Each structure stands twice: as structure tokens, then as C-alpha cells.
Amino acid sequence: MAKMWAGVTDGATAKIADDFNSSIHFDSRMYRQDITGSMAHAAMLASKGIISQADADQLIAGLEGILNDIESGKLPIDMECEDIHMFVEQVLTQRLGDVGKKLHTARSRNDQVALDVRMYLRQEIDDITDLIKKLLAAIVSKAEQYKAAIMPGYTHLQRAQPITFGHHLMAYAMMLLRDLDRLADCRKRMNISPIGCCALAGTTYDTDRNFEAEKLGFDGICLNSLDGVSDRDFCVELLSAISVLMMHLSRFSEEIILWSSWEFKFVELSDAYTTGSSIMPQKKNPDMAELVRGKTGRVYGDLMALLTALKGLPLAYNKDMQEDKEAVFDACDTVKMCLQVFCGMVETLTANTANMKLAAQKGFINATDLADYLVKKGLPFRSAYKISGQLVALCIQNGTVLEELPLETYQGFSELFDNDLYEAIDLYKCVEKRISQGGTSVASVEAQIKYVRENLQ
Ligand code: ARG
């Protein structure tokens, strides 16, 4: 095919070179951004008298026609074209003749592609934000449902202190709130317009970059044209925000996988979000959670791929930068899919509160409360800690639990023990007493729920 850029060369590239060079099979998804960007460009050119208003009107109508025809399926995107930018310009010129050739005045594909990617990803951030909010709503409503359901809290995956399932779930809500914040922050720097930087050096035409930026909903313009066409920080920032988000989903997945094992049996996933085995009839596998965990590695890979592609690039544009799109599109597609599946999985899971309670009753997770009991009666914490540990050791020797030891045994360790110790180590009481801000008491979890709900508005 004749190349639009044929000039000093005849443009007669080898077929394999064309295939290698072309990006249309992954950048065609930006057709809408490309076309609306071009419409704003045509309007700017006319507003500055660089082309006539009549030409701009024709260009804009032509571009609108192309957009409609792509959207209705009337105009299939020609995968023989080098990229989406070339495709749109080529169709425009076919349809309008010489007027079509005026569109690329005071512009380069370098600032054009940077513009398109920013516009495309800005929308992706908005979509991902909506999905996170939906997931947050699902988590918060589960937390509300289980705000009093006692379970063991863990450190080192060893039973540590009693908490509620609601409290545990709200920990993930806090992570997701930070993810929203990171995305919003990333969007600020993304929403700066590179159009008008042209190939690298700016242009001799008297353009109005702010006119285009404003028309396209940007908050400002890139202030150095070399930087404007070579900056892909916004892609790296988005990939890193998505990587952190995936890391959160992956940790949550890992817990769901553990919790739904026979060893824990803390949660039951809905049949709609589990799979069976082709050979073992009893199996109910948490594939969705496992895949989210697995896809996290893939998203990290996207981040590393782009960071590595960029690290040695001299200014300004280099073709290596075409590699930005597959990485960032893949990460966005992946995280959107994961968020949707995750939301359904959380909405439909049920907690086995009896099993959680049972697990909480083993493992001496009220030993800290026993020590605190003595502290409140005047013993220094370290001494109280020691006595509490000795009592746990005694229980282990005799195959019993702190709740079952008779008062005389307690008093053999310290005279400060009295009958009220049993209330102090009651699991519900242990939870109820943790009223410190952010703690596990029902009141504290309710406050956390309220905070997140308010932030979602
Ligand atoms: N398809 C290219 C990309 O995605 C567009 C920019 C091409 N610019 C150039 N000077 N060859 O990066």
C-alpha cells in the first residue's frame, strides 16, 4: 500500500516490516479519541485563520461521518493501515479530497498519539473508579452484615486476637479508598494536553494550544514540547496505581482461597463463582480468586515492560514508545475484568460464622486480654504477660482452654485474679472492649463503615 509518509523514500516497505511496524490491531480502539482530537484541531486551525472556516467545517463534518460509520459498522477499520491515525486521515482524504490533506497542518503523529492515549486512559480511569466504587459498596455491605461475627485475627498466619469478620473486610475497604485516591491523583497529571507540541519542537504556525486543550476537557497544556511528545509518565503512573490495586485484590483473593478451604471453612462461595473438577466430583474450586491472584503478576509485568522500554530512550519520540499501548491497555482490561468478577464474588459469598467462632475459641487468642486484666489490677504489663503465658502453657499441657481453668489455679499464679476474669476473657467482651479508633469493636467498625460510605458519595 502507498504510504502517506512516502517522500524521501518511496515508502515501498517489505510486508514483514509493515506487519512489524504497524500498531493498528491494538490502537484502533482509540478511534473515538483520535477523531474528536482531530475535530478540535480543525476548529483551532480555523479559529486562528490557519485554514478557512469552510475547510474546517468540511473536515469536522467528514470526521463526524467517519466516527458514525465506524460506530455503526459501516466503515470497517482497515488493518492494513499502519495505525489508527493514518487510517482516519486516509479515509478523510478519500472522502474529501484535498481538503482532507489540510488536517495534519501544525500537528504530528507524535503529539497526536500522546493526545489520544491520554484521552483514552482518562476514560479508563473513570471506568475503573466506578468499578472500585461498586466493589467497595459490596464490601461495606458485607462488613455491615458481619460486623459482630467473631473470628480469629492472625499475625504470621497464627491465631492472634479475636476480631470480627466485618472488621477484617473493612481493612480491604480502606485499601480500595487509597486506590481511588491514587487514580484521582494520577488523573490530574494525565489530564494535561500535549497537542500542539507537534513532532518535537513546536510549530511556526500561530496555533492556540489552550483552545484545543479546553475543547477536549484538559486542565492545561504540556509546557515543553520535547517533554510533551516523549512523556509517558502518565502511563507508568496508571500502571503502578493499577498494580497496587491488583496487589490488594490478590491479597484478598489469597484469603478467600484459604477461607474457603476445608481447613478453614470460614466462607462459602456461591456456585456462580466457583468451578468443579473434571475428575474429583466433590471439588468446588475458588478459580475466580485464583485467577485474580494470577493476573496480578501479569499486570506487574505490564508495568515492568513499560518502565524498561522507557529507561534508555533519548528525547524525543522513539518508536519504542509504541509499546506503551499494549501494556497499559492490557492492564486496564485486566483490572476491569478482575474488579467485576471480584464484586460478584464478594456480593454472593456467605460467612460460616459458626466455624469462625469455633476457630476463635481455639488458639488462646484471649491471652492478651488475660494479661490486660492483670494490668488493670495494678501489675506491670511485662509481669502480667509472663503469667498469662504460663497459664497458656499449663492449658496446653492439660489439653484445656483459659475459660475452663478453675479460679484456684489462676490464684495460684496471682492473687489479683478474681471471678470477673472469666468475663474479661470472654471473646465477645474482648472484641467489645477494643473501642480504640480503628479497632475491632462493633461501634468502631460501624464508624469505619460510615467513613467509607461518606467517602463514596
Ligand atoms: N503508532 C505510533 C505509536 O503508537 C504513532 C506515532 C508514530 N510517530 C512516528 N513518528 N512514527 O507510537
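Sequence positions, counted from 1, serve as the residue numbers for this chain. For clarity, every value in this text was computed on a predicted model and none was experimentally measured. Both ligands and their constituent atoms are indexed starting at 1 by order of listing.
Annotation for ligand 1: atoms under 4.0 Å from non-hydrogen atoms of Asp83 are 1 (N), 2 (C), 5 (C). Atoms of ligand 1 lying under 4.0 Å from at least one heavy atom of Ser23, given by number and element, are 1 (N).
One N or O on the side chain of Lys284 and one on the backbone of Leu269 form a donor-acceptor pair closer than 3.5 Å.
Taking atom 11 (N) of ligand 1 as the reference point, the nearest protein heavy-atom neighbour is Arg109 NH2, 3.6 Å. What sits closest to atom 6 (C) of ligand 1 on the protein, heavy atoms only, is Tyr317 OH, 3.5 Å.
Look at Lys325 and you'll find a heavy atom under 4.0 Å from some atom of ligand 1.
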Checklist entry - Given the rule in the salt bridge (charged side-chain N to carboxylate O under 4.0 Å, His left out) test, do Lys101 and Asp98 qualify, once you have shown the distances and angles that lead to the verdict? => result CA-CA 5 Å; Lys101 296 182 188 166; Asp98 277 351; 3.3 Å; yes
Let me have the donor-acceptor pairs involving side chains of residues 323-330, under 3.5 Å, with sequence neighbours excluded, atom names and distances please.
| from | atom 1 | to | atom 2 | distance (Å) |
| --- | --- | --- | --- | --- |
| Asp324 | OD2 | Arg232 | NE | 2.7 |
| Asp330 | OD1 | Arg298 | NE | 3.2 |
| Asp330 | OD1 | Arg298 | NH2 | 2.5 |
| Asp330 | OD2 | Arg298 | NE | 3.1 |

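Residues Arg189 and Asp233 fail the side-chain proximity criterion, which asks for heavy atoms closer than 4.5 Å.
By the 30° and 60° cut-offs, the orientation of the rings of Tyr154 relative to Phe266 is tilted.
No N or O atom of Lys319 sits closer than 3.5 Å to an N or O atom of ligand 1. For Asn110, a nitrogen or oxygen atom sits less than 3.5 Å from a nitrogen or oxygen atom of ligand 1, counting backbone and side chain alike. The shortest N or O to N or O distance between Gln322 and ligand 1 is below 3.5 Å.
Remark: Asp333 engages Arg29 in a side chain to side chain donor-acceptor pair (under 3.5 Å) (not counting sequence neighbours).
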